[in-house]
Amino acid sequence: MGVRRVEVIDFDVVEEVNLDRLCYATARDVGKAKAPLLATRLKDIATADGFVATPLNAAVYETAGFRKALDCDVLVACVDRPWGRYVLNMIAAAHLIPVVDGGIAARQNRLGQLASADWRAHTVGPGRACLECLGQYDAAAVQLEREGYLDDPTYISNLPAGHTLKARENVFTFAMSCASFQLMQLLSLVVDPLGRANVGPQLYHFVGGYLEPPSHPDCRQDCIFRSFLALGDHVPVEVTGDRPGGAANEAQPQTGSGC
Ligand SMILES: [Zn+2]
């Protein structure tokens, strides 16, 4: 792909339960921080001359992670929580750094059968619908996460069955396909083949095996992120903050990035 410099930003550690979605970690790595592990793996397999991968143990909503993200030319998001997506959405609008995001949602019917498994990839930035308008996170849930509710097992267990904050889809092939769609978005953005850098959001349905027709949605007229366009550091909102639970979360990390 020609990528020579990668910043790996993640606060999470490898757990046994997420080995099934980490193609760079093994059972021997349980308990280790994800970022340095992935950076090392990338260096081992990179073919570009002078390849550099730099790890940072931080969430993108923490000051260190946020500042590091602002140094990047393009961001590929693997977050699965609302606050991280909100911050990335702000970076795309205010700092004009494209963000390639993706996600998976699976649903079962009343009989417990797989009824749908859908994954999507999209790139956000000026002239494209933002993550909030694409329905990739719930603005109300951002505040819940900042206040620590999403790390509260009681709060999570009391959510209704099937709630998105309860979802833990981790079928490896789904994650790989979603990651592939995200990298295709990145390639389209950078290579701009025949002047078609913007392929629009892509939504794939596993049940039925089809990709939705191309579309190029924009933000809603009343989307708050329109007013943040290109404001950079002058955005009148503090988007960063301390990680809920702080150091306690280091010892018992929540399920973090999906891929
Ligand atoms: Zn929007």
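Numbering of residues begins at 1 and proceeds along the displayed sequence. Note that these values count all heavy atoms, side chains included, but never hydrogens, waters or copies made by symmetry.
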- Would you indicate whether Met184, at its atom CE, is surrounded by more than 12 heavy atoms from other residues, nucleotides or ligands within a distance under 6.0 Å? no
- Just wondering, are more than 12 heavy atoms of other shown residues or ligands nearer than 6.0 Å to CG in Asp73? no
- CZ/Phe11 to CG/Leu56 distance, rounded to the nearest 0.5 angstrom? 12.0 Å
- Message: With a 6.0 Å cut-off (strictly less than), is the heavy-atom count around CG of Asp222, excluding the residue itself, greater than 12?
- Response: yes
- Query: Picking from Glu145, Glu147, Arg146, what satisfies side chain to side chain donor-acceptor pair (under 3.5 Å) with Gln143?
  - Reply: Glu147
- Item | Shortest non-hydrogen contact between Ile9 and Ala69, atoms and distance | CD1-N, 3.9 Å
- Here the gap from Ile104 atom CD1 to Asp118 atom CG, rounded to the nearest 0.5 Å, amounts to 10.5 Å
- Side chain of Gln182, backbone of Ala77: donor and acceptor closer than 3.5 Å? yes
- Query: Which heavy atom in Asp29 sits nearest to a heavy atom in Tyr24, and how many Å separate them?
  - Reply: OD2-O, 4.2 Å
- Item | N/O donor-acceptor pair under 3.5 Å between Ser215 side chain and Pro217 backbone | no
- Task: Write down the atom of Asn57, the atom of Ala33, and the distance for their closest heavy-atom approach.
- Result: OD1-CB, 3.3 Å
- Message: Taking Leu183 as the starting point, is it possible to reach Val199 by hopping between hydrophobic residues whose side chains are less than 4.5 Å apart?
- Response: no
- Task: Report whether Leu75 and Val52 are members of the same hydrophobic cluster (ILVMFWY, side-chain heavy atoms less than 4.5 Å apart, transitive linking).
- Result: no
- For His205, what residues pass the ring-ring contact (aromatic ring centres under 6.0 Å, His included) criterion, not counting sequence neighbours? Tyr210
- Between Pro98 and Leu189, what is the shortest heavy-atom contact and its length? CB-CD2, 3.6 Å
- Minimum heavy-atom separation for Asp138 to Pro82, with atom names? O-CB, 4.2 Å
- Message: Could you measure the distance from the CG atom of Leu131 to the SG atom of Cys219? Nearest 0.5 Å is fine.
- Response: 9.0 Å
- Just by distance, do the side chain of His216 and the backbone of Asn198 share a donor-acceptor pair under 3.5 Å? yes
- Item | side chain to side chain contact (heavy atoms under 4.5 Å, CB included) between Val124 and Asp101, intermediate numbers included | CA-CA 8 Å; Val124 300; Asp101 177 64; 5.8 Å; no
- Measure the OH-CZ distance between Tyr61 and Arg243 for me, rounded to the nearest 0.5 Å. 6.0 Å
- Heavy-atom donor-acceptor pair, Arg4 side chain to Asp49 backbone, under 3.5 Å: yes
- Item | pair Thr40-Pro55: side-chain heavy atoms closer than 4.5 Å | no
- Report whether Ile45 and Met176 are members of the same hydrophobic cluster (ILVMFWY, side-chain heavy atoms less than 4.5 Å apart, transitive linking). no
- Side-chain contact, heavy-atom cut-off 4.5 Å: Leu38 with Asp10? no
- Task: Grab the two heavy atoms, one from Ala117 and one from Phe174, that are nearest each other, plus how far apart they are.
- Result: CB-CE1, 3.5 Å
- Message: Do Tyr137 and Asn89 make a side-chain contact, defined as non-hydrogen atoms from C-beta onward lying under 4.5 Å apart?
- Response: yes
- Above 12 or not: heavy atoms from other molecules or residues under 6.0 Å from CZ of Arg220? yes
- Note on the structure: Interatomic distance, CZ@Arg120 vs CD@Gln185, rounded to 0.5 Å, equals 10.0 Å
- Fit a plane to each ring of Phe66 and His95, take the angle between them on a 0 to 90° scale, and name the class: parallel (under 30°), tilted (30 to 60°) or perpendicular (over 60°). perpendicular
- Message: So, taking the atom named CG in Asn18 and the one named NZ in Lys34, what distance separates them when rounded to the nearest 0.5 Å?
- Response: 4.5 Å
- Got a salt bridge between Asp151 and Arg81, using NZ or NE/NH1/NH2 to carboxylate O under 4.0 Å? yes
- Test log, rule side chain to side chain contact (heavy atoms under 4.5 Å, CB included), inputs Leu150 and Trp83: CA-CA 10 Å; Leu150 305 194; Trp83 191 4; over 6 Å; no
- Going hydrophobic residue to hydrophobic residue with side-chain gaps under 4.5 angstrom, can you get from Trp119 over to Leu114? yes
- Message: Ring-plane angle category for Tyr86 and Phe225, please: parallel below 30°, perpendicular beyond 60°, tilted otherwise.
- Response: perpendicular
- Query: More than 12 foreign heavy atoms under 6.0 Å from CG of Asp192: is that the case here?
  - Reply: yes
- Query: Is Met1 linked to Val191 within one hydrophobic cluster, defined over Ile, Leu, Val, Met, Phe, Trp and Tyr using a side-chain heavy-atom separation of less than 4.5 Å?
  - Reply: yes
- Apply side chain to side chain contact (heavy atoms under 4.5 Å, CB included) to the pair Phe181 and Leu211, showing each step before the final yes or no. CA-CA 11 Å; Phe181 270 107; Leu211 190 63; 3.9 Å; yes
- Message: Is the shortest side-chain heavy-atom distance between Pro126 and Leu229 below 4.5 Å?
- Response: yes
- Message: Can you confirm whether Leu111 is buried at CG, in the sense that more than 12 heavy atoms of other residues, nucleotides or ligands lie under 6.0 Å from that atom?
- Response: yes
